[in-house]
Amino acid sequence: MPVKHSVAHLLQNRTVHRAVLENGIVVLAVENPAADIVAGRIFIQAGSRYESPEQAGLSHLMASVITKGTDRLSSQEIAEQVESVGASLGADAASDYCLMSLKTVSADFAEMLELMAEVMRSPAFPEAEVELERRLTLQGIRSMQEQPFAVANSQLRQTLYQNHPYALPSLGTEETAAKLTQADLQRYHQTYFRPDNLVFSIVGRIASEEAIALVDRFFGDWQPPQQENGQPVPLSIPHTPTLASHPERVVTVQDTQQAIVMLGYLAVAVDSPDHMALKLLNTYLGNGLSSRLFVELREKRGLAYEVSAFYPTRADVSHFVAYMGTAPDNAAIALDGLRHEVDRLRTTPLTAEELQSAKNKLLGQYALGKQTNAQIAQIFGWYETLGLGIAFDEQFQQQVADVTVETAQAVAERYFVEPYVSLVGSEKAVELAAAAI
Amino acid sequence: MIALLKADFSQVDHFPAREYRLANGLTLIHQQVPASPAVMVDVWVKAGAIAELEAWSGMAHFLEHMIFKGTGRLPPGKFDQIIENRGGLTNAATSHDYAHYYINTAASDLSDTLPCLAELLINAAIPDEEFALEREVVLEEIRQSQDDPDGLGFQALMETIYQRHPYGRPVLGSPEALMALSPQEMRCFHRAHYQPENMTVVVVGDVAWESALELVDQSFNFTLPAVCPKPEILAEPPLTQIRRQELCLPRLEQARLMMAWTGPGVEDIRSAYGLDLLSVLLAGGRTARLVRELREERQLVQDIGGGFSLQRHSSLFTLTAWLEPQYLAQVEAIIGDRLSELAAVPVSEVELNRYKRLLCNDYAFSTETASQIAGLYGYYNTIAQAHLAIRYPEVIQSFQPEELRQLASQYLSPLRYAATVLIPEG
C-alpha cells in the first residue's frame with residue numbers, strides 16, 4: 001500500500017483527510033458535496049523565493065510554458081482535452097510556491113488529474129513555446145509601466161528588499177527574462193517538481209479516500225531523483241539574505257492624473273510571533289469601509305477613492321504597505337495623512353473595542369474567503385506548504401484572540417519606525433511631496 | 001405579517017428559489033443554501049445610468065456613494081461599522097441598467113444588519129456637506145479611471161457604438177456634470193427611483209423562507225415617491241458602416257484594437273446567448289479560433305480576448321487585442337475574415353460541443369456560492385426575470401450550427417462595427 005499514513009482532522013465541521021504517499025506526496029482531501037465541482041490545487045515548494053537575482057522570472061516563465069506540451073501532447077492537444085470537458089487547468093508562480101490548479105465537474109476529475117500528471121511529470125518545454133512565452137513576458141514587463149500602482153509597488157519592493165528575491169516582480173526584469181532558456185526551465189523543473197516537494201489539496205464532490213487513491217494512481221510511482229548512493233537528492237533550500245531597514249524615498253515621474261503615494265515597512269514571516277498582531281493592525285488600518293485609513297482620509301477628507309493597506313502572508317520577511325491614489329495637488333497632504341495614521345498606531349493604543357472589531361473583521365473575512373472549493377483547497381494547501389500544517393486553520397482563531405492592545409502597540413512600535421516612501425506622479429505631485437515630511 | 005402579502009408569481013418549474021411580490025410592490029427572491037457560511041443580501045435597483053437625464057450624467061453612481069452616508073437614524077459611517085464589526089462585508093456597484101448593494105453576513109446577524117441596509121436605501125439623507133465631500137471621492141475615482149488605458153479605451157468604444165442610447169455614457173459621469181449637480185436633485189432622483197416596484201431584494205444563504213420574508217417585510221417601509229424628470233431613451237439605429245476612432249495615449253507600452261458589435265437585448269435572449277457562444281468560440285481559451293491563430297500560431301498579438309454582456313436593451317459583443325502597432329491593420333483584417341467565415345460555414349459539432357460544455361461548466365462554476373447565486377438572480381430580475389437565469393445551460397445546449405451561422409451573419413458583420421484603436425504617443 002503506497003499510502004504511508006492517512007489521518008482525518010475535524011476542523012470547523014469539515015473533515016480534512018491528510019495522507020502521505022510513500023514517495024513523499026502530501027494529499028489533503030475535503031469532501032464537500034454542495035456543488036458538482038472538484039477543485040485541485042497542487043503546491044510545489046519553489047517560486048520566486050528560490051530564484052537567483054540573475055534568473056528572476058524563471059518560475060513565472062516555467063509556469064507559462066509547462067502546460068504547453070509534454071513528451072506526447074502538443075500545446076493545442078492539451079488545451080483541447082481540457083476545454084472539451086469545460087475544465088480549467090493552469091499553472092502559476094507566486095513568491096513562495098508554484099501552483100498547478102484544476103477545476104472540473106466531478107465526473108471529469110479523474111481524467112483531468114491524469115492529464116495533469118502527464119503535464120507535471122513529463123513536460124517538454126518546446127523551444128517554440130519557450131520563445132513565444134518569453135516574448136510575451138517581456139511585453140508584459142513593459143506593460144506594467146502603464147499602471148501607476150504597479151510602478152509604485154514595484155519600486156517600493158525593490159528598495160525594501162535590495163538583493164533578496166522578493167525584490168523583483170514575478171515576471172522578472174527585461175534583462176533577466178530575456179536570458180532565460182529552455183535548459184533553465186528543464187533544470188528548474190527537475191529540481192523542484194519531485195514528489196517529496198508537493199502538496200495536493202483536493203476539495204469538492206469526491207470522497208476523500210477516492211481523491212487520495214486517484215493521486216496515488218497517477219502520481220504514486222513517481223520517484224524523487226536519486227544520488228549515486230541510492231539516497232534521494234536533498235531538497236534545495238533557499239538561501240536568502242538577511243534584511244536591514246534603511247528607509248529611503250523612491251520616485252518615478254509620470255504624467256498621470258493621480259499620484260500614487262505609498263509607505264512601506266519591512267515586516268515578518270508568517271512563523272513570527274508578531275505575525276498575527278500585524279495582520280490585525282493591517283485589518284484595523286486598511287481593510288474595509290470602516291478602516292481607519294478609509295474613514296480618516298476618504299470619508300472625512302475626500303482625498304482618495306482607493307486608500308488601503310496590505311500585509312501579505314510570506315514564508316520569509318514580509319512587508320507592510322499603506323497607500324492611496326490622490327490628485328497631484330494633494331500628494332503632500334496624502335503622504336502626511338498616511339504617515340500620521342500609521343504613527344498613531346505606535347503612539348496611541350487601540351481601544352479594547354477597536355481591537356475587538358478588528359478581530360471580528362479579520363475572522364469574518366477569513367471565513368468569507370473560504371466558500372468555494374477552490375478557496376478551501378487553496379487555504380489548506382498553502383498552510384501545509386508554508387509548514388504551518390492544516391491545524392493552522394484553527395490556530396488562526398486562537399492566535400487572533402490572543403493579541404492584546406498592548407502587544408498590538410508594541411508590534412506597531414517595533415515595525416513602523418521609519419517608512420520607505422514610494423511615489424509615482426506628475427512633476428508637480430513629486431515636488432509637493434518632496435516638501436512633506 | 002404573511003397574511004398581508006400576496007403571492008402573485010407562480011412557481012416556475014425547476015427554479016430553486018422562491019419569488020414573491022410583497023404588498024408594497026417590492027420583489028423578494030429567496031433561496032436557502034444550507035451549510036453556507038454566510039447569508040448574502042443583495043438589493044438590486046433599476047436606477048443605473050440609463051435612468052439619468054443627460055445633464056445628470058454620473059448621478060446614479062454618485063448616489064450609490066451617497067447611500068452610504070447615512071440617514072437621520074444612522075450617522076455617516078455607522079452602517080459600515082455595524083456590518084464590518086460583526087465580520088461581515090458590504091459594498092455596492094452601479095452600471096447602466098442597475099445599482100446594487102449587498103451585505104454578506106452571518107445568518108445570526110441578519111436581524112441586526114438587514115434592517116440597516118433597508119434604512120440606508122430608503123431613507124438616505126444625502127446631507128449637503130457630505131455631498132460636497134463625497135464628490136471629491138468620485139472625482140478621484142474618475143482620475144483613477146483615466147490612468148487606466150484599457151478602461152479609457154473601453155469607454156471610448158462605448159461612446160462610438162452607442163451614439164444615441166445612454167449605454168454610451170460613462171457611468172462615472174464627467175467632472176463638469178458632477179460639479180453642476182445639487183443635493184436636492186439627488187434627493188429627487190433617489191426618492192423617484194428607489195421605490196418598491198424598481199427593487200429586488202435577494203436573500204441567499206442558510207436562512208429559512210419565513211425569517212427572510214418577515215425581516216424584509218418589516219424592514220422595507222417605503223415613503224411616497226418623488227416626481228423626477230425621466231429621460232427619453234432613444235433606440236440605437238443599426239450601424240451601417242465601420243465607425244473607427246483612434247486615441248494616442250502617453251505611457252502606452254503597446255497598442256490595443258478594440259472592436260464592438262451590438263446584439264439583441266433581453267427581448268431576444270436566445271439570440272443573445274447564441275452570441276455568447278460565438279464569443280467563446282472565437283476568443284474563450286487557447287483552442288478558440290482567434291487565440292489559436294493570432295496568439296499561438298501567427299504570434300501577432302500579446303493576447304486577444306472576447307467579451308459578451310447581456311444588457312436590458314442591447315447586448316454587447318467585444319473583441320480586444322493587445323499588440324504591437326505595426327500589426328493593427330493585419331489583425332483587424334484577419335478578424336474580419338474569420339467573422340465572414342463564421343457567417344458562411346457552420347461550425348462543426350465537435351467544436352460547438354466543446355464551447356457549449358465550457359459555458360455550461362462556467363455557469364456551474366459561477367453559481368457555487370450564496371453571493372454568486374444572489375448576484376445572478378438580482379441581475380436577471382433587474383433586466384428581465386430571475387427565473388430565466390437558470391435556463392441558461394439548457395438554452396446553450398440547444399444551439400445547432402446553422403442557427404449560430406445565421407446569428408453570426410445577422411449580428412457580427414465585418415463591415416459594420418465600432419473600433420477603437422489605442423496607439424502609443426510619439
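The chains referred to below are lettered A, B, ... by the order of the sequence lines, with proteins before strands, and numbering in each begins at 1.
- Neither the backbone nor the side chain of T105(B) comes within contact range of chain A; no heavy atom of the residue lies under 4.5 Å from a heavy atom of that chain.
- Using a 4.5 Å cut-off between heavy atoms, R295(B) contacts chain A through both its backbone and its side chain.
- By the side-chain hydrogen bond (donor to acceptor under 3.5 Å, both in side chains) test, R86(B) pairs with no residue at all, sequence neighbours left out.
- No side-chain heavy atom of R251(B) sits less than 4.5 Å from a side-chain heavy atom of Q145(A).
- For the residue pair S143(A) / Q254(B), a side-chain donor-acceptor distance below 3.5 Å is found, with atom types taken as modelled.
- Neither the backbone nor the side chain of V295(A) comes within less than 4.5 Å of any heavy atom in chain B.
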Worksheet item: Hey, mind stepping through E130(B) and E299(A) against side-chain contact (heavy atoms from CB on, under 4.5 Å) and telling me if it holds?
Response: CA-CA 9 Å; E130(B) 295 289 340; E299(A) 297 287 284; 5.9 Å; no

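- Most heavy-atom pairs under 4.5 Å with chain B: of the set T104(A), L362(A), L363(A), V82(A), this distinction falls to T104(A).
- Considering CD of Q302(B) and CZ of R142(A), their distance stands at 9.0 Å, rounded to 0.5 Å.
- Using a 4.5 Å cut-off between heavy atoms, V301(B) contacts chain A through its backbone alone, with no side-chain atom that close.
- Neither the backbone nor the side chain of T137(A) comes within contact range of chain B, judged by heavy atoms closer than 4.5 Å.
- Of the listed residues (H65(B), R292(B), K69(B)), the greatest number of heavy-atom pairs within a distance under 4.5 Å of chain A belongs to R292(B).
- Atom CZ in R143(B) sits 11.0 Å away from atom OG1 in T256(A) (nearest 0.5 Å).
- A salt bridge is defined here as a Lys NZ or Arg NE, NH1 or NH2 lying under 4.0 Å from an Asp or Glu carboxylate O, and R357(B) with E83(A) fails to meet this definition.
- Going from atom CD of E136(B) over to atom CG of L303(A) covers 9.0 Å, rounded to the nearest 0.5 Å.
- R256(B) and E146(A) are joined by a salt bridge, as a carboxylate oxygen and a charged side-chain nitrogen come within less than 4.0 angstrom of each other.
- Within residues 30-39 of chain A, the residues that have a heavy atom under 4.5 Å from a heavy atom of chain B are A35(A), I37(A), listed by number.
- Ranking A304(A), A374(A), G325(A) against chain B, the residue ahead of the rest is A304(A), based on heavy-atom pairs under 4.5 Å.
- Between R298(A) and E134(B), at least one side-chain N (NZ, or NE/NH1/NH2) sits under 4.0 Å from a carboxylate O, which counts as a salt bridge.
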Practice prompt. Start with the C-alpha distance between R286(B) and E80(A), add both sets of side-chain angles, then the distance that settles salt bridge (Lys or Arg N to Asp or Glu O under 4.0 Å), and finish with yes or no.
Written response: CA-CA 8 Å; R286(B) 200 189 290 167; E80(A) 269 163 30; over 6 Å; no

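- Scanning both residues, G87(B) and L368(A), for their nearest heavy atoms gives O-CD1, 4.0 Å.
- The distance from atom CG of D147(B) to atom CG of D255(A), rounded to the nearest 0.5 Å, is 9.0 Å.
- A distance of 9.5 Å separates CG of L323(B) from CD of Q139(A), quoted to the nearest 0.5 Å.
- Listed by chain and residue number, R292(A), K300(A), E341(A), R344(A) satisfy the side chain to side chain contact (heavy atoms under 4.5 Å, CB included) test with E296(A) (two or more places apart in sequence, or in another chain).
- Residue contact with chain A, scored on non-hydrogen atoms closer than 4.5 Å, involves the backbone and the side chain of F365(B) alike.
- By the side-chain hydrogen bond (donor to acceptor under 3.5 Å, both in side chains) test, Q155(A) is found to be paired with T252(A), S422(A), residues two or more places apart in sequence or in another chain being considered.
- Comparing P76(B), A35(B), C360(B), P37(B) by how many heavy-atom pairs each has under 4.5 Å with chain A, the most go to P37(B).
- For the options E141(B), Q372(B), Q81(B), heavy-atom pairs under 4.5 Å to chain A are most numerous at E141(B).
- Listed here is the closest heavy atom pair of V85(A) and N361(B): O-ND2, 2.8 Å.
- Q371(A) and E368(B) share no side-chain donor-acceptor pair at under 3.5 Å.
- The distance from the CE atom of M144(A) to the CD atom of E253(B) is 11.0 Å, given to the nearest 0.5 Å.
- Looking at K356(B), there are no atoms closer than 4.5 Å to chain A (heavy atoms on both sides), in backbone or side chain.
- For E353(A), no part lies under 4.5 angstrom from a heavy atom of chain B.
- Interface check for chain A: of the options Q146(B), E351(B), Q144(B), the most heavy-atom pairs under 4.5 Å are formed by Q144(B).
- For a residue to count as touching a neighbouring chain, one of its non-hydrogen atoms must lie under 4.5 Å from one of that chain's; by this rule N104(B) touches chain A with backbone and side chain alike.
- Of the residues considered (G285(B), A38(B), A364(B)), G285(B) shows the highest number of contacts with chain A, using heavy-atom pairs under 4.5 Å.
- E296(B) and Q76(A) form no side-chain donor-acceptor contact under 3.5 Å, judged by distance and modelled atom types alone.
- Using a 4.5 Å cut-off between heavy atoms, Q356(A) does not touch chain B at all.
- Ranked by heavy-atom pairs under 4.5 Å with chain A, the first of L252(B), N85(B), L358(B) is N85(B).
- For I260(A), no part sits under 4.5 Å from any heavy atom of chain B, backbone or side chain.
- For P149(B), the part lying under 4.5 angstrom from a heavy atom of chain A is the side chain only.
- For the set R301(A), Q365(A), K103(A), E306(A), the count of heavy-atom pairs under 4.5 angstrom toward chain B peaks at K103(A).
- Using a 4.5 Å cut-off between heavy atoms, A106(B) makes no contact with chain A at all.
- Heavy-atom pairs under 4.5 Å with chain B peak, among Q147(A), K359(A), E133(A), E129(A), at E133(A).
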